[in-house]
Amino acid sequence: MLLNRDINYHKIRLGVGVLWMILMQFQAFGQNHDPYTLSEGAIIRGNPDNKQLALIFTGHHYAEGGSYILRTLSRYGIKASFFFTGSFYRNEDFRQLILDIKEDGHYLGAHSDKHLLYCDWDNRDSLLVSKEIFEEDLKGNYAEMAKWGIEKADTRYFLPPYEWYNEKISQWTRGFGLQLINFTPGTRSNADYTDPSMANYVSSEEIIHSILDYEAKADLNGFLLLLHIGAGPERKDKFHEKLPELIEALQTENYRFTTVDQLLNTTN
C-alpha cells in the first residue's frame, strides 16, 4: 500500500509539473507575440496596433498578372506573399515566374495541391474531405515546393483553397505542423477573380474603392489583403492594373507593406 501511495504521489507531482510547464509556455507566448485575430482556428489578421499589412497573391490555373505584379512590387520596393497550389508549381508555363518571385525575395507558400473544396458552402461544418485526403493533398503541395528549394520548415503558413475551411481543417493543419491563415474580411479584394458572367462579379473600380473606403472608416492595420495572380480570360477588367494606384494611396497613409511571416512576426 505504501509503495502504491508513493507511485501515485510521484504521478501527481509529474502531472503538476507538466501542467506548470504548459502554463509557462502559454504565458510566454502571450508576452512575446503580437495579438492576432482568429476565425475557425485560422489567423485572419495581424497586430491591429501596427500600421502594416501583407499583400497576398494566390494562384492555381492562371497567372497573367504575374509579370506586371512583380514589376510593380519592385518599383515600389515592396515584398509580398505568394501562395500557389501544387498544380501551379508544376506548371512549366509558370516556371520563369516562380524563379523571378524567388529571386526577388518574396514569400512563397502552399495553397493545397489540387485546390480541393474542404467543406460545404452552405454548411461549413460539413466536411467534404477526410483527414487522409487532406494530408495527402497537402503533402503533394509541399513535395512540389521542395523541388523549388522551398522547405516546409521555412514556410509554415498555409492558405486554404477557396479560402474556405472550418475548425477541423485548422486542427488538421496544426497537426501537420503548419498554421492556417486566411484573408482579413472587410473589403472586396478577394473578388478580383470574378467575371461578368458571375452573379458575384465585382469590378476593379469597386474593389479598390472598397479597400480605400474601409481604410478611411477604420484602418488596415495587420491586414492580410488577398488578391489573385491571375483571373483567367473571361475577366477583362484586371485588378492587378490598379495595383500602383492602391500602393500609392496606402503609402500616402503611411502603411508599410511586408510579408506574411514578418507581419505575424513568428516562424513557429
(message) Measuring only between side-chain heavy atoms, which start at C-beta, is T58 closer than 4.5 Å to T85?
(response) no
(message) Are Y157 and L263 connected into the same hydrophobic cluster when the rule is that any two of I, L, V, M, F, W, Y join if their side-chain heavy atoms are below 4.5 Å apart?
(response) yes
(message) Name the residue from F88, F57, Y107 that meets the ring-ring contact (aromatic ring centres under 6.0 Å, His included) definition with F83.
(response) Y107
(message) Would you say N141 and S112 are linked by a side-chain donor-acceptor pair, where the criterion is simply a distance under 3.5 Å?
(response) no
(request) Check R124 against Y165 and note the closest heavy-atom contact, atom names and distance. (result) NE-O, 2.5 Å
(request) Would you mind reporting whether I133 and S130 have side-chain heavy atoms less than 4.5 Å apart? (result) yes
(request) Check A63 against L97 and note the closest heavy-atom contact, atom names and distance. (result) CB-CD2, 3.8 Å
(request) Look at the side chain of W164 and the backbone N and O of D120, then say whether any donor-acceptor pair between them is shorter than 3.5 Å. (result) yes
(message) Between S210 (side chain only) and I207 (backbone N and O only), is there a donor and an acceptor less than 3.5 Å apart?
(response) yes
(message) Could you check whether any side-chain N or O of T184 sits under 3.5 Å from a backbone N or O of I44, counting only pairs where one atom can act as donor and the other as acceptor?
(response) yes
(message) For the CZ atom on R235, are there more than 12 heavy atoms of other groups (residues, nucleotides or ligands in this structure) within a distance under 6.0 Å?
(response) yes
(message) Assess the residue pair R45 and D219 against the criterion (salt bridge (charged side-chain N to carboxylate O under 4.0 Å, His left out)); give the C-alpha distance rounded to whole Å, side-chain angles, the decisive distance to 0.1 Å, and a yes or no.
(response) CA-CA 12 Å; R45 189 172 185 174; D219 61 62; 2.8 Å; yes
(message) Quick check for you: to the nearest 0.5 Å, what is the distance between L220 atom CG and T187 atom OG1?
(response) 7.5 Å
(request) Output yes when E144 and R95 qualify as a salt bridge under the 4.0 Å nitrogen-oxygen rule, no when they do not. (result) no
(request) Examine Y68 and Y76 and state if one hydrophobic cluster contains both, with Ile, Leu, Val, Met, Phe, Trp and Tyr joined whenever side-chain heavy atoms are less than 4.5 Å apart. (result) no
(request) Please check if the side chain of N221 supplies one atom and the backbone of P48 the other of a donor-acceptor pair under 3.5 Å. (result) yes
(message) Can you tell whether the side chains of E248 and R75 come within less than 4.0 Å, N to carboxylate O?
(response) yes
(request) Decide yes or no for I56 and L159: does some side-chain heavy atom of the first lie under 4.5 Å from some side-chain heavy atom of the second? (result) yes
(request) Would you name the heavy atoms of L128 and L117 that are closest together and state the gap between them? (result) CB-O, 3.6 Å
(request) Using modelled atom types only, decide if a donor and an acceptor are shared between the side chain of E253 and the backbone of L250 within a distance under 3.5 Å. (result) no
(request) Begin from the C-alpha positions of D100 and R71 and carry the test salt bridge (charged side-chain N to carboxylate O under 4.0 Å, His left out) through to its verdict. (result) CA-CA 10 Å; D100 292 341; R71 289 196 304 272; over 6 Å; no
(request) Any chance you could lay out the side-chain contact (heavy atoms from CB on, under 4.5 Å) test for L224 and N182, step after step, and finish with the verdict? (result) CA-CA 7 Å; L224 302 172; N182 202 22; over 6 Å; no
(request) Test the K152-F176 pair against the cation-pi criterion, namely NZ or CZ under 6.0 angstrom from the six-membered ring centroid and within 45° of the ring axis. (result) yes
(request) Report the distance from atom SG of C119 to atom NZ of K168, rounding to the nearest 0.5 Å. (result) 12.5 Å
(request) Specify the closest pair of heavy atoms between A42 and Q179, including all atoms of both residues, with the distance to one decimal. (result) CA-NE2, 4.0 Å
(message) If we ignore hydrogens and angles and just use 3.5 Å, is the side chain of H106 paired with the main-chain N or O of A80 as donor and acceptor?
(response) yes
(request) Walk me through it: do I78 and Q251 pass the test side-chain contact (heavy atoms from CB on, under 4.5 Å)? (result) CA-CA 11 Å; I78 289 172; Q251 285 184 333; 4.0 Å; yes
(message) To the closest 0.5 Å, what do you measure between CG (L73) and CD1 (I101)?
(response) 9.5 Å
(message) Within the structure provided, determine whether K114 and S87 are in side-chain contact (heavy-atom separation under 4.5 Å).
(response) yes
(message) Is there a continuous path of hydrophobic side-chain contacts, each under 4.5 Å between heavy atoms, that joins L55 to L108?
(response) yes
(request) Quick one: pull up NE2 in H61 and NE2 in H115 and give me the separation to the nearest 0.5 Å. (result) 8.0 Å
(request) Look at the side chain of S189 and the backbone N and O of L225, then say whether any donor-acceptor pair between them is shorter than 3.5 Å. (result) no
(request) Can you label the angle between the F223 ring and the Y214 ring as parallel, tilted or perpendicular, going by 30° and 60°? (result) tilted
(message) Side chains of Y255 and E215 only: does a donor on one sit below 3.5 Å from an acceptor on the other?
(response) yes
(request) May I ask you to say whether E136 pairs ionically with K139, meaning some side-chain N is under 4.0 Å from a carboxylate O? (result) yes
(request) Dump the intermediate steps for side-chain contact (heavy atoms from CB on, under 4.5 Å) on I169 and T173, then the final yes or no. (result) CA-CA 6 Å; I169 296 298; T173 301; 4.1 Å; yes
(request) Indicate yes or no for a side-chain donor-acceptor contact from K79 to the backbone of D104 under 3.5 Å, with no hydrogens or angles considered. (result) yes
(message) Check for me, please, whether F82 and L227 land in the same ILVMFWY cluster - side-chain distances under 4.5 Å, paths through other members count.
(response) yes
(request) Kindly determine whether Y193 and N200 satisfy side chain to side chain donor-acceptor pair (under 3.5 Å), including the steps that lead there. (result) CA-CA 10 Å; Y193 74 93; N200 61 338; 3.2 Å; yes
(message) For a 4.5 angstrom cut-off between non-hydrogen side-chain atoms, does L178 reach L138?
(response) yes
(message) Can you give me the closest heavy-atom contact between V202 and T194, atom names plus distance?
(response) N-OG1, 3.1 Å
(message) Hydrophobic clustering (ILVMFWY, side-chain heavy atoms < 4.5 Å, transitive) - are V129 and Y142 grouped together?
(response) yes
(request) May I have the step-by-step check of side chain to side chain donor-acceptor pair (under 3.5 Å) for S203 and D237, ending in yes or no? (result) CA-CA 7 Å; S203 72; D237 176 25; 4.7 Å; no
(message) Given 3.5 Å as the limit, does a donor-acceptor pair link the side chain of S170 with the main chain of E40, or not?
(response) yes
(request) To the nearest 0.5 Å, tell me how far E92 CD sits from I98 CD1. (result) 9.0 Å
(message) Would you say that I69 contacts L243 through its side chain, given a criterion of any heavy-atom pair below 4.5 Å between the two side chains?
(response) yes
(message) Do L212 and L246 have side chains that approach each other closer than 4.5 Å (heavy atoms only, starting at C-beta)?
(response) yes
(request) Before accepting this row, confirm whether a basic side-chain N of the pair E64/K238 lies closer than 4.0 Å to the acidic partner's carboxylate O. (result) yes
(request) Please confirm whether H60 and F84 have ring centers closer than 6.0 angstrom. (result) no
(request) For the residue pair Y118 and F158, categorise the inter-ring angle as parallel (less than 30°), tilted (30 to 60°) or perpendicular (more than 60°). (result) tilted
(message) Would T258 and R256 count as a side-chain contact (heavy atoms from CB on, under 4.5 Å) here? Give the steps.
(response) CA-CA 6 Å; T258 186; R256 186 171 72 88; 4.1 Å; yes
(request) List the atom of M145, the atom of Y89, and the distance in Å for their closest heavy-atom pair. (result) CG-CE1, 3.3 Å
(message) I'd like to know if the side chain of D192 and the backbone of F239 have a donor-acceptor N/O pair within less than 3.5 Å.
(response) no
(request) Hey, could you give me the CD/CD distance between Q96 and E103, rounded to the nearest 0.5 Å? (result) 8.5 Å
(request) With the side chain counted from C-beta on, respond yes when Y36 and N47 share a heavy-atom pair under 4.5 Å apart, and no when they do not. (result) no
